[in-house]
Number of protein chains: 2
Amino acid sequence: MAKPEKRDEIVRAALELIAEHGFHGAPMAMIADRAGVGAGTIYRYFENKDLLITELYREVEGRSFPAIMEGYVPEAPVRERFLHLSTALLRYFINNSLEFRFVEQFHNSPYGVEFRRERLLGKMEDRFVYRELFESGVAQGVVKDFPLPVLFALALGPILAVARDHILGFIALDDVLITRTIEACWDAVRR
Amino acid sequence: MAKPEKRDEIVRAALELIAEHGFHGAPMAMIADRAGVGAGTIYRYFENKDLLITELYREVEGRSFPAIMEGYVPEAPVRERFLHLSTALLRYFINNSLEFRFVEQFHNSPYGVEFRRERLLGKMEDRFVYRELFESGVAQGVVKDFPLPVLFALALGPILAVARDHILGFIALDDVLITRTIEACWDAVRR
DNA sequence: ATAAGCGGAATGAACGTTCATTCTGTTTAT
DNA sequence: ATAAACAGAATGAACGTTCATTCCGCTTAT
């Protein structure tokens, strides 16, 4: 008897509450409440809170990858591929602000410690694409010869920052501004 | 009876614990312990934990400003001033990793909500210097004509990211790499 | 066709733990 | 001698988790 309905409600409620109020503002009782479910029910689907949250993280992370890769042409020039990936990533963040804010919370929390390592080592799927892109860019001499973490920082640091600013309402990113911002990031990494 | 000695021990202990283990890993009893002080004593110096932490934040923030401004020449060209400020900032972060990690924790916590707004509006002292620098850079046509938050993102996003990577041990920033990284940030903002 | 029986899903009150804060008795400075 | 400073035990609120009980849909017996 497959009844994933309640499980999904729990995951959705957790995502919303954590994105909106942080981990402090999302006790299990409140998650249960918003999911329309008894407190104990959560434990039929998740062993404990840690596993609920890491599971949620995995789901959220998995959703972003297809969105970013849509229309990606592996044979295109490095610059074009960079612009495509980065634009898609930024667009995904501002169109899915709940996911974005949750992931940010997650990374700056005790839950995220173990994932930090994987992340920087490029274990993540989308990181892997970026990694390959940068490596071939460096090999072709069109990208500055930096260690990978520096290239990630130059490319992704500003993206995360402007996404945050947009979601918090400090800037209004439209198509033109997005394009120009991503091109500025390219200026940082291109030789 | 002026005895700022205990107060300073409390502040120092709080900084260390929060930087190393996050807010979850820094209960009042533990702070008291590391400060060599009774739990109740903290409350003779700070009304409650929130005020202890916001006070600590203010102190930490205040310390960075002089370090960044040392040797700053307001009459120098925009590019030089940018390189000076950014290099000093990055150097400060990696030489004061406790402070850096604490500030990062702070900004991604309930305590930091109110400060977010001030920060992005440039209320902070060092932000103010950057703001003036960008404005005159745009006016002179040497800096891309972006809204200020985007310029901040392009300049500071990568700095925070590489500082984090360095402190976590994923890269080893030496003088050469620091200089090159900051120059890459300049490439992002310069016209 | 109906009702009794059955198993797992669901529930929420209760429990134990953790933590910030307060209280109380003691030490220390004047 | 007095009052402020101090340490650490006591307190109560909040939280994650557990568990005895209820609920619900399906099977089986009549």
Side-chain angles (χ1 to χ4, degrees), chain A residues 1-59 102 105-106 108-115, chain B residues 1-59 102 105-106 108-115:
Chain A
M1 171 96 19
K3 261 220 193 171
E5 175 202 300
K6 295 223 160 154
R7 208 200 89 107
D8 289 351
E9 282 302 299
I10 292 166
V11 169
R12 188 188 52 76
L15 172 63
E16 286 178 16
L17 282 172
I18 294 170
E20 287 165 17
H21 305 116
F23 286 99
H24 296 268
M28 292 298 256
M30 203 180 289
I31 293 174
D33 235 39
R34 185 177 287 216
V37 144
T41 306
I42 297 180
Y43 292 87
R44 297 205 50 78
Y45 294 93
F46 304 95
E47 202 177 308
N48 54 43
K49 192 176 186 181
D50 277 29
L51 290 184
L52 162 60
I53 285 168
T54 53
E55 179 68 23
L56 169 55
Y57 178 74
R58 261 180 253 274
E59 282 192 26
F102 167 74
Q105 299 274 356
F106 184 86
N108 293 84
S109 78
Y111 303 108
V113 263
E114 57 170 312
F115 288 88
Chain B
M1 165 121 354
K3 261 217 189 171
E5 176 203 300
K6 294 218 163 154
R7 207 201 90 107
D8 289 351
E9 282 303 299
I10 293 166
V11 170
R12 188 188 51 77
L15 171 64
E16 286 179 16
L17 283 172
I18 293 170
E20 286 167 17
H21 306 115
F23 286 99
H24 296 269
M28 292 297 258
M30 204 180 289
I31 294 173
D33 234 40
R34 185 176 289 216
V37 144
T41 306
I42 297 180
Y43 290 86
R44 296 209 50 77
Y45 294 94
F46 303 96
E47 201 177 309
N48 55 44
K49 193 176 185 180
D50 277 28
L51 290 184
L52 162 61
I53 286 169
T54 52
E55 179 67 23
L56 168 56
Y57 178 74
R58 260 181 253 274
E59 282 192 27
F102 166 74
Q105 299 273 356
F106 184 85
N108 293 82
S109 79
Y111 303 109
V113 262
E114 55 170 313
F115 288 87

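Bear in mind that the values here come from a model prediction, so they are computed numbers and not experimental data. Within every chain, numbering begins at 1; the chains are lettered A, B, ... in the order of the sequence lines, protein sequences first and strands thereafter.
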Quick one: does B/His21's side chain get under 4.5 Å of B/Gln105's, heavy atoms only? no
B/Met28, nearest nucleotide to its side chain (from C/dT21, C/dG12, C/dT11): C/dT21
Take the protein atom CD of A/Glu5 and the nucleotide atom P of D/dG25, then report the distance between them rounded to whole Å. 12 Å
Compare all side-chain heavy atoms of A/Leu52 with those of A/Met28 and state whether any distance is below 4.5 angstrom. yes
Can you find a pair of side-chain heavy atoms, one from B/Ile53 and one from B/Tyr57, that are under 4.5 Å apart? no
Any N/O pairs under 3.5 Å between the protein and nucleotides 14-18 of chain C? List them or say none.
none

Rounded to the nearest 0.5 Å, the OG1 atom of A/Thr54 sits from the CD atom of A/Glu59 at a distance of 10.5 Å
Just how far is it from atom CD1 of A/Ile31 to atom CD1 of A/Ile10, taken to the nearest 0.5 Å? 9.0 Å
Rounded to the Å, how far apart are B/Arg44 CZ and C/dT27 C1'? 13 Å
Rounding to an integer number of Å, can you tell me how far A/His24 NE2 sits from C/dC19 C1'? 13 Å
Tell me: CZ of B/Phe23 to P of C/dC19, nearest whole Å? 15 Å
If I take atom OH from residue B/Tyr45 and atom CD from residue B/Glu55, how far apart are they, to the nearest 0.5 angstrom? 14.0 Å
Please state how far atom OH in B/Tyr45 lies from atom C1' in C/dT21, giving the value in whole angstrom units. 18 Å
Between side-chain atoms of residues 11-19 of chain B and protein atoms elsewhere (two or more places apart, or another chain), which donor-acceptor pairs fall under 3.5 Å?
from, atom 1, to, atom 2, distance (Å)
B/Arg12, NH1, B/Glu16, OE2, 2.5
B/Arg12, NH2, B/Glu9, OE1, 2.6
B/Glu16, OE1, B/Arg34, NH1, 2.6

Which whole-number value in Å describes the distance from B/Leu51 CG to C/dT21 C1'? 13 Å
Spacing between B/Met30 atom CE and D/dG8 atom P, to the nearest angstrom: 16 Å
Between P on C/dT11 and CD1 on A/Ile31, what's the gap in Å once rounded to a whole number? 15 Å
Counting just side-chain N and O atoms, does A/Tyr43 come under 4.0 Å of either OP1 or OP2 of C/dT11? no
Does a nitrogen or oxygen in the side chain of B/Lys6 sit under 4.0 Å from OP1 or OP2 of D/dC6? yes
